[in-house]
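Lettering follows sequence order; numbering is per chain, from 1.
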Amino acid sequence: MNRRPRAVFFGTPSFAVPILEALGGVAEIAAVVTQPDQPAGRGQNRQPSPVNRRARELGVPVLVPAKLDHEFIYQFNAGKPDLAVLAAYGKILPLAVLAVPPKGFVNVHPSLLPRHRGPSPVAATLLAGDPVTGVTLIVLDEEMDHGPIIAQQTINIGPHEHRPALERRLANLGANVLRQALLPYCHGWLQPQPQNHALATFCKLLKKTEAPLTWKEPADMLERKIRAFDPWPGTHTSFNGRRLKILDAEARAESAANPPGTVIIDDETPTVVCGAGQLRLKSLQLAGQKPTAAVAFAHGHRDFVGAILGS
RNA sequence: CGCGGGAUGGAGCAGUAGCAGCUCGCCGGGCUCAUAAUCCGGAGGUCGGGGGUGCAAAUCCCCCUCCCGCAA
């Protein structure tokens, strides 16, 4: 193949945008497939996905199928794609769709496969406390995140990095990997290698019910949740009967006699006693209010220090 | 019209009609070898904007702007 390959891009959230842009650099984008406009924000107005917006700016045809049915497959086929690239599309693809492009589907997955297969790999990485992560390019097969590996690159995780920052870095890394590996794969210079399935781990879709913090848990686990669940489903507790979001905090090993959930003051910083260790609060948000620094929050709420959260 | 909370000195909050307050910060001074500690004093606010009712409005009524939680 000497010409630029024709590719169809599947993706939805902002994570997929840099990857779409990178694809435009190495291939001819026949079309972009993304999720239909979803009700979002206050007022529940329907909003196009970030990938949809970017694709329009780039002047690329956009398909927003509600179902991946025969009509969609017909349209997909009509673009005569050599391959498809998929990054966080948000739906499982039927085999009939996977079978359309001759070179298959290349998936940009933000974890070091076979670790963290599934729909929430970045959150799972942070929850597990992994010191490193990365991006893996695979060829999709009939099982979830199971196909052979085209390329993989690794990055370190910052000691207190939250998911949005890590996701942005992984998106850029994914764009790089795609730029470097896609054409070699298309030309057959790069043979995909099977994953070591024995080492596979799996993650589940995040649920809103995981958002409330349980202070009996160890502080380091709670810090991981705060970093992994940012910005959704978020982490919160309750204070004076109102929902209190914990936006940022750091675990420390110190122990205290107070029961879990008690707010103590440590060197000016409000700190919550946990099942093991303590959580130094850095940024909080009371329902309906703006995010505030934890120190300032304690100044305004004189009964905060000494309170037992989550009760 | 999806439901709901909010806007008060630099920051965070209290204050449902009767002189605009609290914690922190800031400025000046005391104490001190020194200090984020402590003591005394001080500056700083058209109470988001506009209209209305009242002898009197941060507070009650109407309109507007901006911010946020739930919900996805």
Side-chain angles (χ1 to χ4, degrees), chain A residues 10-17 33-54 62 64-68 87-92 118-123 162-164 167 203-215 222 225-250 252 254 261-272 278-311:
Chain A
F10 287 66
T12 300
S14 51
F15 169 79
V17 170
V33 182
T34 189
Q35 294 288 331
D37 300 1
Q38 298 292 328
R42 271 167 232 112
Q44 298 286 279
N45 300 318
R46 289 187 172 274
Q47 308 232 334
S49 73
V51 163
N52 193 336
R53 265 184 229 279
R54 188 66 183 120
V62 178
V64 287
K67 281 186 177 180
L68 301 178
Y89 172 58
K91 252 182 199 163
I92 307 288
S120 58
V122 184
H162 285 226
R163 180 154 58 97
E167 231 164 44
C203 55
K204 290 179 281 190
L205 201 58
L206 296 177
K207 285 179 298 188
K208 196 174 47 179
T209 52
E210 302 177 75
L213 293 178
T214 305
W215 297 109
L222 292 170
K225 284 191 176 178
I226 290 162
R227 296 195 283 135
F229 292 168
D230 178 14
W232 193 91
T235 45
H236 65 260
T237 183
S238 61
F239 169 58
N240 283 349
R242 298 174 72 181
R243 177 179 296 216
L244 181 67
K245 284 190 164 187
I246 312 290
L247 300 179
D248 195 13
E250 280 181 27
R252 65 201 296 257
E254 235 77 3
T262 306
V263 180
I264 60 177
I265 197 81
D266 172 71
D267 187 29
E268 300 263 319
T269 303
T271 300
V272 186
Q278 302 172 355
L279 201 61
R280 286 169 63 87
L281 302 177
K282 294 166 70 183
S283 180
L284 304 172
Q285 184 179 23
L286 203 56
Q289 311 270 107
K290 295 181 184 182
T292 60
V295 174
F297 185 89
H299 288 157
H301 298 85
R302 304 304 297 167
D303 54 346
F304 187 57
V305 175
I308 297 181
L309 301 178
S311 52

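- Put simply, CZ on A:Phe297 is 19 Å from P on B:G25, counting in whole angstrom units.
- In this structure, A:Ile264 and A:Gln278 have side chains that are in contact, with non-hydrogen atoms separated by less than 4.5 Å.
- When the C1' atom is compared between B:C70 and B:U46, the two are found 35 Å apart, to the nearest whole Å.
- Summarising the geometry, the separation between CG on A:Leu284 and C1' on B:C13 is reported as 14 Å, rounded to the nearest angstrom.
- As a whole-Å value, the separation of A:His299 NE2 from B:C24 P is 7 Å.
- A 6.0 Å sphere centred on NZ of A:Lys204 holds no more than 12 heavy atoms belonging to other residues, nucleotides or ligands.
- Taking atom C1' on both B:U53 and B:G44, the two are 33 Å apart, rounded to the nearest angstrom.
- When each of A:Val33, A:Thr34, A:Val62 is paired with A:Val51, the side-chain contact (heavy atoms from CB on, under 4.5 Å) condition holds for A:Thr34 and for no other.
- Distance, A:Lys282 NZ to B:A11 P: 22 Å, rounded to whole Å.
- Considering only the side chain of A:Arg242, B:G5 comes nearest among B:A36, B:G12, B:G5.
- Rounded to the nearest Å, the gap between the P atom of B:U59 and that of B:C19 is 14 Å.
- At least one side-chain heavy atom of A:Trp232 sits under 4.5 Å from a side-chain heavy atom of A:Lys208.
- Comparing the same atom, P, in B:G25 and in B:A36 gives a spacing of 10 Å after rounding to whole Å.
- Separating the C1' atom of B:A14 from that of B:G6 is a span of 15 Å, rounded to the nearest Å.
- Within the 4.5 Å cutoff, side-chain heavy atoms of A:Pro231 are placed close to those of A:Arg163.
- Atom name P, nucleotides B:C27 and B:A43: the rounded distance is 16 Å, in whole Å.
- Following rounding to the nearest Å, A:Glu268 (CD) and B:A36 (P) show an atom-to-atom distance of 12 Å.
- Between A:Arg302 and A:Ala296, the residue anchored nearer the 5' end of RNA chain B, judged by the nucleotide with its closest heavy atom, is A:Ala296.
- Nucleotide B:U53: unpaired (no Watson-Crick or G-U wobble partner with both distances less than 3.5 Å).
- Applying the Watson-Crick and G-U wobble criteria (two distances, each under 3.5 Å), B:U65 pairs with B:A7.
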Handout entry: Contact letters for nucleotides 65-72 of chain B, in which S counts primed atoms plus P, OP1 and OP2 and B counts the base, heavy atoms under 4.0 Å
Key = --SBBBBB
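- In B:G6 the base sits anti relative to the sugar, since the glycosidic angle is further than 90° from 0.
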Practice task
Run the numbers on A:Gln285 and A:Phe297 for side chain to side chain contact (heavy atoms under 4.5 Å, CB included), then give the verdict.
Solution key: CA-CA 9 Å; A:Gln285 184 179 23; A:Phe297 185 89; over 6 Å; no
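- Atom name P, nucleotides B:C22 and B:C64: the rounded distance is 36 Å, in whole Å.
- The partner of B:U38, taking Watson-Crick or G-U wobble pairs whose two distances both stay under 3.5 Å, is B:G30.
- Atom CZ in A:Phe239 sits about 16 Å away from atom P in B:G12, given to the nearest Å.
- In this structure, OG1 on A:Thr235 lies 5.0 Å from CG on A:Leu213, to the nearest 0.5 angstrom.
- Separating the C1' atom of B:G50 from that of B:A58 is a span of 16 Å, rounded to the nearest Å.
- With both pairing distances under 3.5 Å, B:C13 is matched to B:G21 as a Watson-Crick or G-U wobble pair.
- For A:Arg46 and A:Asp37, the salt-bridge test fails: no basic side-chain N is under 4.0 Å from an acidic carboxylate O.
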